[in-house]
J.: 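Okay, here's the structure, questions in a sec.
Order of listing sets the numbers, starting from 1, for every ligand and every atom in it.
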Amino acid sequence: MSAPNNSHDPVEAHALNPDEVARMRAEAMEAVAAANSLDQLKEVRIAHAGDRSPLALANREIGGLPPAAKADAGKRVGGARREISEAFKTRQAELEEERDARVLVEEAVDVTLSFDPIPRGARHPLTTVAERMTDIFVGMGFEVAEGPEVEAEWYNFDALNFLPDHPARSMQDTFFVEGPGGAHSGLVLRTHTSPVQVRALLDRDAPVYVVAPGKTFRTDELDATHSPVFHQLEGLVVDEGITLAHLRGAIQVFVERMFGEGLRTRMRPSYFPFTEPSAEVDMECFVCRGASVGDPDAPCRTCSSEGWIEIGGCGVMNPRVLTAAGVDTERYSGWAFGLGIERTLMFAHGVKDMHDMVEGDVRFTAAFGMEI
Ligand code: FA5
């Protein structure tokens, strides 16, 4: 006689033991009730209702029971699993409701608060620097003059004593404006602000003290220090007894107010058709103040260790220009200068590349404090 087959006896199959099923159910119900977040509840579900949970494993054993015991065990295990599933759904609904209530409080938006729908803009640093430069001269008694950006060749060149074959007129430097059908229009995009000198002199009687900030155009490639569209500040003085010494003084005052007290300036001989003598204006490097010259251990990137920085051109008015503008050269004399505004911004604020000024990235403007 063989031994009784007890392996399918629900009492002996531990997992199907009614007490054990009740214990597993109670443990699961307790864990569901204790879950305080949806994440915790998810873990509880895996542990007590997942495929590898104790009750799921017990359920698998039912298949091996004798038919008479199957229904009983199935009812017991199935009932426990259903109850756990219901408890899980109820707890899930409670926790979801709690979460929604919390999110409503935590993420509440006060729609009655005032807001700025469009970010506030600011003027471009070139505009504010041009204004500061202009203000320095206005403080010395100058008035502001203007001229058109699309300018007659006569004002841009002829009246300023540029001879017809002067290289600045060539296609290399000048944007010529085409007339109808490609005809010669006699107009250019002004290559400098100097034509405003002539316009200012034709507009008013001497004495004349004007500055003219404005946009200028040349067929230069955009690089770190050049742009095809750039800005200059023109200055012009015509009065009795005016000499180069007044020009030196005005430039010196400008440099000290713009860049710092005690900075020296110098003039190097140069050539412009509308001034005689002509000079390039240099100012002492405001970073190294000349200390980097000949000192390889302390190179200066601002002045390339030259000690001086060029800021523009200037000179005593050529009498031919004054005559073309109807000024009595027996009585009056004068001088003029043209300063690069981009270069001034670069030196005054350490801007290393002109691309930054023209690319329109608002972060560049923001770095200057969004002056309005
Ligand atoms: C002139 O344009 C003369 N009209 C200046 C002048 C006025 C001389 C009155 C005498 C009397 P120049 O070509 O050197 O000169 O230009 C003057 C300044 O404009 C330069 O020193 C430089 O700062 C700036 N500049 C010239 N070309 C460019 C460019 N492509 N991009 C940016 N700045 C430029």
J.: Could a heavy atom of His231 be found less than 4.0 Å from some atom of ligand 1?
T.: no
J.: Any heavy-atom pair between the side chains of Arg268 and Glu310 that's under 4.5 Å?
T.: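 SC-SC contact between Glu310 and Arg268 confirmed.
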J.: Taking ILVMFWY side chains as joined if any heavy atoms are under 4.5 angstrom apart, and letting links pass through other members, which residues group with Leu95?
T.: Val32, Leu38, Leu41, Val44, Phe88
J.: Counting only heavy atoms closer than 4.0 Å, does ligand 1 sit against the backbone of Glu342, its side chain, both, or neither?
T.: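 Glu342 to ligand 1: no contact under 4.0 Å from either part.
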J.: List the closest protein heavy-atom neighbour of atom 33 (N) of ligand 1: residue, atom name, distance to the nearest 0.1 Å.
T.: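 Result: Phe230 CD1, 3.4 Å.
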J.: If you take all heavy atoms of Ser292 and Ala298, which pair is closest and at what distance?
T.: CB-O, 3.2 Å
J.: How far is atom 20 (C) of ligand 1 from the closest protein heavy atom, and which atom is that?
T.: Arg343 NH1, 4.2 Å
J.: Which of the numbered atoms in ligand 1 are below 4.0 angstrom from a heavy atom of Asp220?
T.: 29 (C), 30 (N)
J.: I'd like to check whether Gln232 has a polar contact with ligand 1, where a contact means an N/O of the residue lying under 3.5 Å from an N/O of the ligand.
T.: yes
J.: Out of Ser194, Ser227, Gly312, whose heavy atom is nearest to atom 31 (N) of ligand 1?
T.: Ser227
J.: Among His192, Arg218, Met346, Gln197, which one has a heavy atom closest to atom 13 (O) of ligand 1?
T.: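 The option holding the nearest heavy atom is Arg218.
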J.: Of all the non-hydrogen atoms in the protein, which one sits nearest to atom 5 (C) of ligand 1, and at what distance?
T.: Gly338 CA, 3.9 Å
J.: For the rings on Phe137 and Phe254, is their centre-to-centre separation under 6.0 Å?
T.: yes
J.: Could you point out which residue of Met283, Arg289, Glu284 forms a side-chain contact (heavy atoms from CB on, under 4.5 Å) with Phe286?
T.: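 Answer to the side-chain contact (heavy atoms from CB on, under 4.5 Å) test with Phe286 among Met283, Arg289, Glu284: Met283.
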J.: Do any heavy atoms of Phe274 fall under 4.0 Å from ligand 1?
T.: yes
J.: So, do His192 and Phe230 have ring centers that fall under 6.0 Å from each other?
T.: no
J.: So Tyr209 and Phe142, would you call those rings parallel, tilted or perpendicular, with 30° and 60° as cut-offs?
T.: perpendicular
J.: Which atoms of ligand 1 are found less than 4.0 Å from any heavy atom of Glu310?
T.: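 Under 4.0 Å from Glu310, ligand 1 has these atoms: 21 (O).
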J.: Does NZ or CZ of Arg199 come closer than 6.0 Å to the centre of the six-membered ring of Tyr155, within 45° of the ring's axis?
T.: yes
J.: Give me the residue, atom name and distance of the protein heavy atom closest to atom 15 (O) of ligand 1.
T.: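 It is Phe272 CE2, 3.4 Å.
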J.: Closer than 4.0 Å to some heavy atom of Gly313 - which atoms of ligand 1 meet that?
T.: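 Those qualifying, in numeric order: 6 (C), 8 (C), 10 (C).
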J.: Considering only the protein, which heavy-atom contact is closest to atom 24 (C) of ligand 1, and what is its distance?
T.: Gly340 CA, 3.9 Å
J.: So among Leu160, Asn161, Thr329, which one has a side-chain contact (heavy atoms from CB on, under 4.5 Å) with Asn318?
T.: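 Among Leu160, Asn161, Thr329, the one meeting side-chain contact (heavy atoms from CB on, under 4.5 Å) with Asn318 is Asn161.
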